[in-house]
Enquirer: 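Here it is, the structure in full.
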Amino acid sequence: MHVFVTGASGWIGSATVTELINAGHRVTGLARSEAAAGRVAALGASVLRGTIDDPELLHAGAAAAEGVIHLGYNHDFTRMADAAATDRRAIEALGAGLEGTGRPLLIASGVFGIAPGKVITEQDAPAGPGHPRQENAQVALTLADRGVRPLIARFAPTVHGPGDYGFTSILARIAKDTGVSAYVGDGANHWPAVHVRDAATLIRLAIEQAPAGTILHAVAEEGIRSRDIAEAIGRALEVPVRSFPDSAADEHFGWVGRMFATDARASSEATQRLLGWKPAHPTLLEDLAAGHYVA
Ligand SMILES: NC(=O)c1ccc[n+]([C@@H]2O[C@H](COP(=O)([O-])OP(=O)(O)OC[C@H]3O[C@@H](n4cnc5c(N)ncnc54)[C@H](OP(=O)(O)O)[C@@H]3O)[C@@H](O)[C@H]2O)c1
(Lines give C-alpha, C1' and ligand atoms only; values in the text may rest on other atoms or scores of the structure.)
Protein backbone atom coordinates (compact mmCIF):
# COMPACT_ATOMS: atom_id res chain seq x y z
CA MET A 1 0.00 0.00 0.00
CA HIS A 2 1.18 3.55 -0.71
CA VAL A 3 0.67 5.40 2.58
CA PHE A 4 0.76 9.16 3.12
CA VAL A 5 1.96 9.96 6.65
CA THR A 6 1.71 13.40 8.27
CA GLY A 7 4.04 13.88 11.23
CA ALA A 8 6.40 11.41 9.61
CA SER A 9 9.41 13.16 11.16
CA GLY A 10 7.95 12.96 14.68
CA TRP A 11 8.30 10.47 17.53
CA ILE A 12 5.47 8.09 16.66
CA GLY A 13 5.59 9.03 12.97
CA SER A 14 9.19 7.99 12.40
CA ALA A 15 8.63 4.65 14.16
CA THR A 16 5.52 4.18 12.01
CA VAL A 17 7.35 4.93 8.76
CA THR A 18 9.99 2.33 9.66
CA GLU A 19 7.30 -0.21 10.58
CA LEU A 20 5.43 0.37 7.29
CA ILE A 21 8.53 0.13 5.11
CA ASN A 22 9.73 -3.01 6.91
CA ALA A 23 6.32 -4.57 6.16
CA GLY A 24 6.64 -3.80 2.44
CA HIS A 25 4.53 -0.64 2.18
CA ARG A 26 5.57 2.49 0.31
CA VAL A 27 5.50 5.75 2.27
CA THR A 28 5.29 9.43 1.44
CA GLY A 29 5.94 11.57 4.50
CA LEU A 30 4.90 15.18 4.97
CA ALA A 31 7.80 17.41 6.09
CA ARG A 32 7.67 21.14 6.84
CA SER A 33 11.42 21.83 6.95
CA GLU A 34 14.68 20.77 5.37
CA ALA A 35 15.64 19.02 8.62
CA ALA A 36 12.36 17.09 8.80
CA ALA A 37 12.63 16.17 5.11
CA GLY A 38 16.11 14.78 5.77
CA ARG A 39 14.83 12.66 8.67
CA VAL A 40 11.94 11.28 6.62
CA ALA A 41 14.11 10.50 3.60
CA ALA A 42 16.67 8.76 5.83
CA LEU A 43 13.90 6.37 6.92
CA GLY A 44 13.41 5.35 3.29
CA ALA A 45 10.25 7.35 2.53
CA SER A 46 9.50 9.85 -0.23
CA VAL A 47 8.98 13.39 0.99
CA LEU A 48 6.13 15.82 0.36
CA ARG A 49 7.22 19.26 1.52
CA GLY A 50 4.55 21.37 3.22
CA THR A 51 2.55 21.91 6.38
CA ILE A 52 -0.59 20.61 8.06
CA ASP A 53 -1.97 24.16 7.68
CA ASP A 54 -2.29 23.70 3.90
CA PRO A 55 -5.59 21.92 3.09
CA GLU A 56 -4.96 21.79 -0.67
CA LEU A 57 -1.63 20.08 -0.22
CA LEU A 58 -3.13 17.58 2.26
CA HIS A 59 -5.99 16.86 -0.13
CA ALA A 60 -3.54 16.16 -2.94
CA GLY A 61 -1.29 14.03 -0.73
CA ALA A 62 -4.24 11.91 0.36
CA ALA A 63 -5.70 11.61 -3.15
CA ALA A 64 -2.36 10.27 -4.42
CA ALA A 65 -2.18 7.60 -1.69
CA GLU A 66 -3.94 4.34 -0.86
CA GLY A 67 -4.14 5.17 2.81
CA VAL A 68 -3.38 8.07 5.17
CA ILE A 69 -1.96 8.15 8.69
CA HIS A 70 -2.36 11.57 10.30
CA LEU A 71 0.14 12.04 13.13
CA GLY A 72 1.18 15.66 12.52
CA TYR A 73 0.17 17.94 15.37
CA ASN A 74 1.29 21.28 16.75
CA HIS A 75 2.14 20.58 20.40
CA ASP A 76 2.40 24.22 21.50
CA PHE A 77 0.35 23.84 24.68
CA THR A 78 -0.08 27.62 24.96
CA ARG A 79 -2.17 27.52 21.75
CA MET A 80 -4.26 24.40 22.23
CA ALA A 81 -7.43 25.76 20.62
CA ASP A 82 -5.54 26.82 17.47
CA ALA A 83 -3.83 23.44 17.27
CA ALA A 84 -7.15 21.59 17.51
CA ALA A 85 -8.71 23.86 14.85
CA THR A 86 -5.78 23.21 12.48
CA ASP A 87 -6.11 19.51 13.17
CA ARG A 88 -9.80 19.58 12.31
CA ARG A 89 -9.18 21.34 8.98
CA ALA A 90 -6.40 18.84 8.23
CA ILE A 91 -8.70 15.87 8.94
CA GLU A 92 -11.40 17.34 6.70
CA ALA A 93 -8.92 17.93 3.86
CA LEU A 94 -7.37 14.46 4.14
CA GLY A 95 -10.85 12.91 4.26
CA ALA A 96 -11.95 14.85 1.18
CA GLY A 97 -8.87 13.55 -0.65
CA LEU A 98 -9.97 9.97 0.07
CA GLU A 99 -13.71 10.47 -0.47
CA GLY A 100 -15.48 7.59 -2.20
CA THR A 101 -12.40 5.33 -2.23
CA GLY A 102 -13.02 3.23 0.88
CA ARG A 103 -9.39 3.82 1.78
CA PRO A 104 -8.19 4.19 5.38
CA LEU A 105 -7.60 7.47 7.21
CA LEU A 106 -6.13 6.85 10.66
CA ILE A 107 -6.01 9.84 12.98
CA ALA A 108 -4.28 10.24 16.34
CA SER A 109 -6.25 10.90 19.49
CA GLY A 110 -5.86 10.36 23.22
CA VAL A 111 -7.58 8.76 26.20
CA PHE A 112 -7.71 11.77 28.57
CA GLY A 113 -11.12 13.28 29.28
CA ILE A 114 -13.24 10.47 27.84
CA ALA A 115 -14.75 8.74 30.86
CA PRO A 116 -13.03 9.76 34.10
CA GLY A 117 -13.28 7.28 36.95
CA LYS A 118 -13.55 4.08 34.89
CA VAL A 119 -11.36 1.94 32.68
CA ILE A 120 -11.90 3.42 29.22
CA THR A 121 -12.63 0.91 26.50
CA GLU A 122 -12.80 1.21 22.72
CA GLN A 123 -16.61 1.24 23.10
CA ASP A 124 -16.47 4.64 24.84
CA ALA A 125 -17.26 7.40 22.34
CA PRO A 126 -14.93 10.38 22.06
CA ALA A 127 -15.69 13.10 24.62
CA GLY A 128 -18.12 15.77 23.47
CA PRO A 129 -18.25 19.58 23.55
CA GLY A 130 -15.48 21.28 25.50
CA HIS A 131 -12.89 18.79 24.25
CA PRO A 132 -11.95 20.11 20.79
CA ARG A 133 -9.41 17.38 20.10
CA GLN A 134 -11.96 14.70 20.98
CA GLU A 135 -14.52 16.45 18.77
CA ASN A 136 -12.05 16.04 15.89
CA ALA A 137 -12.31 12.29 16.35
CA GLN A 138 -16.11 12.61 15.96
CA VAL A 139 -15.54 14.57 12.75
CA ALA A 140 -13.24 11.84 11.44
CA LEU A 141 -15.80 9.13 12.23
CA THR A 142 -18.45 10.89 10.09
CA LEU A 143 -16.18 10.41 7.06
CA ALA A 144 -17.43 6.81 6.90
CA ASP A 145 -20.62 8.25 5.36
CA ARG A 146 -18.51 9.69 2.54
CA GLY A 147 -16.79 6.47 1.53
CA VAL A 148 -13.68 6.80 3.67
CA ARG A 149 -12.45 4.14 6.16
CA PRO A 150 -11.84 6.32 9.24
CA LEU A 151 -9.88 4.86 12.16
CA ILE A 152 -9.18 6.51 15.49
CA ALA A 153 -6.00 5.53 17.33
CA ARG A 154 -6.24 6.67 20.95
CA PHE A 155 -2.71 6.68 22.31
CA ALA A 156 -1.74 6.26 25.94
CA PRO A 157 -0.51 9.58 27.36
CA THR A 158 3.01 8.23 27.41
CA VAL A 159 4.33 6.61 24.25
CA HIS A 160 7.76 5.67 25.53
CA GLY A 161 11.06 4.23 24.37
CA PRO A 162 14.68 5.23 23.77
CA GLY A 163 14.75 8.79 22.38
CA ASP A 164 11.32 9.76 23.81
CA TYR A 165 10.95 13.53 24.25
CA GLY A 166 7.30 13.43 25.38
CA PHE A 167 5.67 13.49 28.81
CA THR A 168 7.92 11.01 30.60
CA SER A 169 11.03 12.84 29.43
CA ILE A 170 9.50 16.13 30.64
CA LEU A 171 8.86 14.57 34.08
CA ALA A 172 12.44 13.28 34.14
CA ARG A 173 13.81 16.70 33.16
CA ILE A 174 11.80 18.40 35.93
CA ALA A 175 13.15 15.85 38.42
CA LYS A 176 16.69 16.48 37.25
CA ASP A 177 16.30 20.29 37.34
CA THR A 178 14.65 20.40 40.77
CA GLY A 179 16.57 17.51 42.37
CA VAL A 180 13.34 15.76 43.37
CA SER A 181 11.08 13.30 41.60
CA ALA A 182 7.55 14.21 42.55
CA TYR A 183 4.00 12.92 42.36
CA VAL A 184 0.77 14.65 43.30
CA GLY A 185 -1.20 13.76 46.46
CA ASP A 186 -1.05 10.04 47.25
CA GLY A 187 0.13 9.24 43.71
CA ALA A 188 -2.58 6.60 43.35
CA ASN A 189 -3.81 8.00 40.02
CA HIS A 190 -2.91 6.03 36.90
CA TRP A 191 -1.34 6.63 33.52
CA PRO A 192 -1.64 4.12 30.70
CA ALA A 193 1.48 3.55 28.58
CA VAL A 194 2.64 2.01 25.33
CA HIS A 195 6.06 1.46 23.79
CA VAL A 196 6.55 3.47 20.59
CA ARG A 197 7.37 0.36 18.54
CA ASP A 198 4.24 -1.42 19.74
CA ALA A 199 2.23 1.69 18.83
CA ALA A 200 3.74 1.68 15.34
CA THR A 201 2.82 -1.98 14.84
CA LEU A 202 -0.74 -1.27 15.91
CA ILE A 203 -1.00 1.61 13.42
CA ARG A 204 0.19 -0.62 10.57
CA LEU A 205 -2.18 -3.46 11.48
CA ALA A 206 -5.05 -0.98 11.73
CA ILE A 207 -4.67 0.48 8.25
CA GLU A 208 -4.20 -3.03 6.86
CA GLN A 209 -7.22 -4.60 8.56
CA ALA A 210 -9.52 -2.48 10.72
CA PRO A 211 -13.04 -1.73 9.46
CA ALA A 212 -14.43 1.79 9.01
CA GLY A 213 -15.22 3.57 12.26
CA THR A 214 -12.98 1.47 14.51
CA ILE A 215 -11.64 3.09 17.66
CA LEU A 216 -8.33 1.50 18.63
CA HIS A 217 -6.43 1.80 21.87
CA ALA A 218 -2.66 2.06 21.54
CA VAL A 219 -2.30 1.04 25.15
CA ALA A 220 -0.04 -1.74 26.39
CA GLU A 221 -0.37 -1.07 30.12
CA GLU A 222 -3.83 -0.20 31.44
CA GLY A 223 -2.58 2.10 34.17
CA ILE A 224 0.64 2.62 36.10
CA ARG A 225 0.38 4.51 39.40
CA SER A 226 1.95 7.97 39.10
CA ARG A 227 3.78 7.27 42.35
CA ASP A 228 5.44 4.22 40.77
CA ILE A 229 6.48 6.35 37.77
CA ALA A 230 7.93 9.01 40.07
CA GLU A 231 9.79 6.36 42.10
CA ALA A 232 11.25 4.81 38.93
CA ILE A 233 12.39 8.25 37.75
CA GLY A 234 13.89 8.88 41.21
CA ARG A 235 15.83 5.59 41.08
CA ALA A 236 17.05 6.25 37.52
CA LEU A 237 18.23 9.78 38.34
CA GLU A 238 19.27 9.01 41.92
CA VAL A 239 17.14 11.83 43.35
CA PRO A 240 14.71 11.66 46.28
CA VAL A 241 11.01 11.06 45.68
CA ARG A 242 8.27 13.05 47.40
CA SER A 243 4.62 13.96 47.21
CA PHE A 244 3.39 17.47 46.47
CA PRO A 245 -0.10 18.60 47.46
CA ASP A 246 -2.46 19.51 44.65
CA SER A 247 -2.03 23.19 45.45
CA ALA A 248 1.75 23.07 44.81
CA ALA A 249 1.67 20.84 41.72
CA ASP A 250 1.45 23.67 39.20
CA GLU A 251 4.40 25.47 40.70
CA HIS A 252 6.56 22.34 40.73
CA PHE A 253 5.57 20.76 37.43
CA GLY A 254 4.24 23.68 35.38
CA TRP A 255 1.56 22.79 32.81
CA VAL A 256 2.34 19.07 32.94
CA GLY A 257 1.32 18.87 36.65
CA ARG A 258 -2.40 18.83 35.96
CA MET A 259 -1.96 15.98 33.50
CA PHE A 260 0.33 13.97 35.80
CA ALA A 261 -2.34 14.21 38.50
CA THR A 262 -5.08 12.93 36.18
CA ASP A 263 -6.38 9.40 36.66
CA ALA A 264 -6.82 7.60 33.34
CA ARG A 265 -6.99 3.87 32.84
CA ALA A 266 -7.61 2.37 29.43
CA SER A 267 -8.01 -1.17 28.18
CA SER A 268 -6.87 -2.41 24.77
CA GLU A 269 -8.57 -5.81 24.94
CA ALA A 270 -10.83 -5.15 21.94
CA THR A 271 -7.93 -3.75 19.88
CA GLN A 272 -5.75 -6.77 20.66
CA ARG A 273 -8.56 -9.17 19.73
CA LEU A 274 -9.46 -7.36 16.51
CA LEU A 275 -5.95 -6.92 15.15
CA GLY A 276 -4.13 -9.83 16.79
CA TRP A 277 -1.90 -7.13 18.28
CA LYS A 278 0.30 -8.22 21.19
CA PRO A 279 2.52 -5.56 22.77
CA ALA A 280 6.00 -7.06 22.84
CA HIS A 281 8.37 -4.26 23.83
CA PRO A 282 9.50 -3.11 27.30
CA THR A 283 7.12 -1.55 29.81
CA LEU A 284 7.45 2.07 30.92
CA LEU A 285 9.08 1.11 34.24
CA GLU A 286 11.49 -1.19 32.36
CA ASP A 287 12.45 1.67 30.02
CA LEU A 288 13.01 3.93 33.02
CA ALA A 289 15.13 1.27 34.74
CA ALA A 290 17.15 0.81 31.55
CA GLY A 291 18.27 4.44 31.81
CA HIS A 292 16.62 5.77 28.65
CA TYR A 293 15.43 8.87 30.51
CA VAL A 294 18.66 9.73 32.29
CA ALA A 295 20.42 11.61 29.48
N1 LIG B 1 3.82 10.84 22.15
C2 LIG B 1 2.79 10.64 22.97
O3 LIG B 1 3.01 10.25 24.12
C4 LIG B 1 1.34 10.85 22.49
C5 LIG B 1 0.31 10.55 23.37
C6 LIG B 1 -1.01 10.73 22.97
C7 LIG B 1 -1.27 11.22 21.69
N8 LIG B 1 -0.23 11.53 20.86
C9 LIG B 1 -0.56 12.07 19.52
O10 LIG B 1 0.05 11.28 18.50
C11 LIG B 1 0.43 12.10 17.40
C12 LIG B 1 1.91 11.95 17.14
O13 LIG B 1 2.59 12.36 18.34
P14 LIG B 1 4.19 12.42 18.44
O15 LIG B 1 4.52 12.12 19.85
O16 LIG B 1 4.82 11.63 17.36
O17 LIG B 1 4.41 13.98 18.19
P18 LIG B 1 5.75 14.75 17.77
O19 LIG B 1 6.96 13.93 17.99
O20 LIG B 1 5.67 16.11 18.42
O21 LIG B 1 5.58 14.93 16.21
C22 LIG B 1 4.70 15.87 15.65
C23 LIG B 1 4.88 15.83 14.16
O24 LIG B 1 4.01 16.83 13.60
C25 LIG B 1 4.79 17.63 12.73
N26 LIG B 1 4.21 18.97 12.67
C27 LIG B 1 3.92 19.80 13.69
N28 LIG B 1 3.39 20.95 13.22
C29 LIG B 1 3.38 20.83 11.87
C30 LIG B 1 2.98 21.68 10.81
N31 LIG B 1 2.46 22.89 11.04
N32 LIG B 1 3.10 21.22 9.53
C33 LIG B 1 3.62 20.00 9.27
N34 LIG B 1 4.02 19.14 10.23
C35 LIG B 1 3.90 19.57 11.52
C36 LIG B 1 6.18 17.64 13.32
O37 LIG B 1 7.12 18.06 12.35
P38 LIG B 1 8.62 18.55 12.75
O39 LIG B 1 9.46 17.31 12.81
O40 LIG B 1 8.98 19.45 11.65
O41 LIG B 1 8.51 19.24 14.09
C42 LIG B 1 6.31 16.17 13.69
O43 LIG B 1 6.60 15.40 12.56
C44 LIG B 1 0.02 13.52 17.78
O45 LIG B 1 -1.24 13.79 17.28
C46 LIG B 1 -0.01 13.45 19.29
O47 LIG B 1 -0.81 14.47 19.88
C48 LIG B 1 1.05 11.35 21.21
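In listed order, ligands and their atoms are each counted from 1. Just so it is clear, the structure is predicted and the values come from calculations on it, not from any experiment.
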Enquirer: Using the rule that Ile, Leu, Val, Met, Phe, Trp and Tyr join whenever any side-chain heavy atoms are under 4.5 Å apart, tell me whether Val159 and Ile224 fall into a single cluster.
Expert: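 Val159 and Ile224: separate clusters.
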Enquirer: At under 4.0 Å between heavy atoms, is it the side chain or the backbone of Ala35 that contacts ligand 1, or both, or neither?
Expert: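 It is neither part, as no heavy atom is under 4.0 Å.
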Enquirer: Would you mind finding which of Tyr165, Phe155, Tyr73 brings a heavy atom closest to atom 7 (C) of ligand 1?
Expert: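 Residue with the shortest heavy-atom distance to the ligand atom: Phe155.
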Enquirer: Report whether Val5 and Val47 are members of the same hydrophobic cluster (ILVMFWY, side-chain heavy atoms less than 4.5 Å apart, transitive linking).
Expert: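 Different clusters: Val5 never reaches Val47 through Ile, Leu, Val, Met, Phe, Trp or Tyr contacts under 4.5 Å.
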Enquirer: Heavy-atom contacts with Thr51 under 4.0 Å: which atoms of ligand 1 show up? List them by number with element.
Expert: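 Near Thr51, meaning under 4.0 Å from one of its heavy atoms, ligand 1 has 32 (N), 33 (C).
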Enquirer: I'd like to know if the side chain of Tyr293 reaches the main chain of Gly161, judged simply by a donor and an acceptor atom lying under 3.5 Å from each other, with no hydrogens or angles considered.
Expert: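 Yes: the side chain of Tyr293 pairs with the backbone of Gly161.
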Enquirer: Is Leu284 close to Trp191 at the side-chain level, that is, under 4.5 Å between some pair of heavy atoms?
Expert: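 No, too far: nothing below the 4.5 Å cut-off.
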Enquirer: Check Trp277 against His217 and note the closest heavy-atom contact, atom names and distance.
Expert: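 Looking at all heavy atoms of both residues, the shortest contact is CZ3-O, 3.8 Å.
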Enquirer: What's the shortest distance from atom 21 (O) of ligand 1 to any protein heavy atom, and which residue and atom give it?
Expert: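 Result: Gly10 CA, 3.4 Å.
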Enquirer: For the residue pair His160 and His195, categorise the inter-ring angle as parallel (less than 30°), tilted (30 to 60°) or perpendicular (more than 60°).
Expert: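 Judged by the thresholds at 30° and 60°, the geometry between His160 and His195 is perpendicular.
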Enquirer: List every atom of ligand 1 that sits less than 4.0 Å from any heavy atom of Leu71, numbering the atoms from 1 in the order shown and giving each element.
Expert: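 With Leu71 as reference, the close atoms of ligand 1 come out as 11 (C), 12 (C), 44 (C), 45 (O).
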Enquirer: Do me a favour and list the nearest non-hydrogen protein atom to atom 30 (C) of ligand 1 with residue, atom name and distance?
Expert: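 Here the closest protein heavy atom is Ile52 CG1, 3.2 Å.
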Enquirer: Just to be sure I read this right, does ligand 1 sit under 4.0 Å from the backbone of Arg133, its side chain, both, or neither, counting only heavy atoms?
Expert: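 The part of Arg133 near ligand 1 is the side chain, not the backbone.
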Enquirer: Please identify which atoms of ligand 1 are closer than 4.0 Å to at least one heavy atom of Ser109.
Expert: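 Numbered from 1, ligand 1 contributes 7 (C).
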Enquirer: Drop me the distance from Arg149's CZ to Leu143's CG, to the nearest 0.5 angstrom.
Expert: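 One finds 13.5 Å between CZ of Arg149 and CG of Leu143.
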Enquirer: What's the shortest distance from atom 31 (N) of ligand 1 to any protein heavy atom, and which residue and atom give it?
Expert: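 Ranking protein heavy atoms by distance from atom 31 (N) of ligand 1, first comes Asp53 OD1, 3.0 Å.
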Enquirer: If you have a sec, work out which protein heavy atom is nearest atom 39 (O) of ligand 1 and how many Å separate them, to one decimal?
Expert: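 Protein heavy atom at minimum distance: Ser9 OG, 2.6 Å.
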Enquirer: Hey, what do you get for CD1 (Ile207) to CG (Leu216), rounding to the nearest 0.5 Å?
Expert: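 Separation between the atoms: 11.5 Å.
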Enquirer: Atom 16 (O) of ligand 1: which protein heavy atom is closest, and how many Å away?
Expert: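 The protein heavy atom lying closest is Ile12 N, 2.8 Å.
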Enquirer: Is the closest heavy atom of Ser14 to ligand 1 under 4.0 Å?
Expert: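 No, that is not the case, since the closest heavy atom of the residue is not under 4.0 Å from the ligand.
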Enquirer: Less than 4.0 Å is my threshold; does some heavy atom of His160 fall inside it relative to ligand 1?
Expert: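 Distance cut 4.0 Å: His160 fails for ligand 1.
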Enquirer: With a cut-off of 4.0 Å, which atoms of ligand 1 are near a heavy atom of Ala36?
Expert: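 Under 4.0 Å from Ala36, ligand 1 has these atoms: 40 (O).
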Enquirer: Apply the side-chain hydrogen bond (donor to acceptor under 3.5 Å, both in side chains) test between His25 and each candidate in His2, Arg204, Glu208; give the one that qualifies.
Expert: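 Answer to the side-chain hydrogen bond (donor to acceptor under 3.5 Å, both in side chains) test with His25 among His2, Arg204, Glu208: Glu208.
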Enquirer: Relative to atom 47 (O) of ligand 1, which among Arg32, His75, Arg154, Arg49 owns the nearest non-hydrogen atom?
Expert: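 Going through Arg32, His75, Arg154, Arg49 one by one, His75 has the nearest heavy atom to atom 47 (O) of ligand 1.
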Enquirer: What is the closest protein heavy atom to atom 2 (C) of ligand 1, and at what distance does it sit?
Expert: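 Scanning the protein heavy atoms, the shortest distance from atom 2 (C) of ligand 1 goes to Val159 CG2, 3.4 Å.
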Enquirer: In the protein, which heavy atom is nearest to atom 23 (C) of ligand 1, and how far is it?
Expert: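 Nearest neighbour among protein heavy atoms for atom 23 (C) of ligand 1, to 0.1 Å: Gly7 CA, 3.6 Å.
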Enquirer: Which heavy-atom pair separates Trp11 from Pro162 by the least distance, and what is that distance?
Expert: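 Minimum heavy-atom separation between Trp11 and Pro162: CH2-O, 3.3 Å.
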Enquirer: Verify side-chain hydrogen bond (donor to acceptor under 3.5 Å, both in side chains) between Asp87 and His70, making sure each step is shown before the conclusion.
Expert: CA-CA 9 Å; Asp87 187 50; His70 174 47; 2.7 Å; yes
Enquirer: Identify the closest protein heavy atom to atom 5 (C) of ligand 1: which residue and atom is it, and at what distance?
Expert: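 The protein heavy atom lying closest is Ala156 O, 3.1 Å.
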Enquirer: Mind checking whether Pro157 contacts ligand 1 via backbone (N, CA, C, O), side chain (CB onward), both or neither, at a 4.0 Å heavy-atom cut-off?
Expert: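 Near ligand 1, Pro157 shows its backbone, while the atoms from C-beta on stay back.
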Enquirer: Could you report the tightest heavy-atom contact between Val148 and Arg103, atom names first, then the distance?
Expert: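 Between these two residues, the closest heavy atoms are CG1-O, 3.6 Å.
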Enquirer: Any N/O of Arg39 closer than 3.5 Å to an N/O of ligand 1?
Expert: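 Right, the criterion is met.
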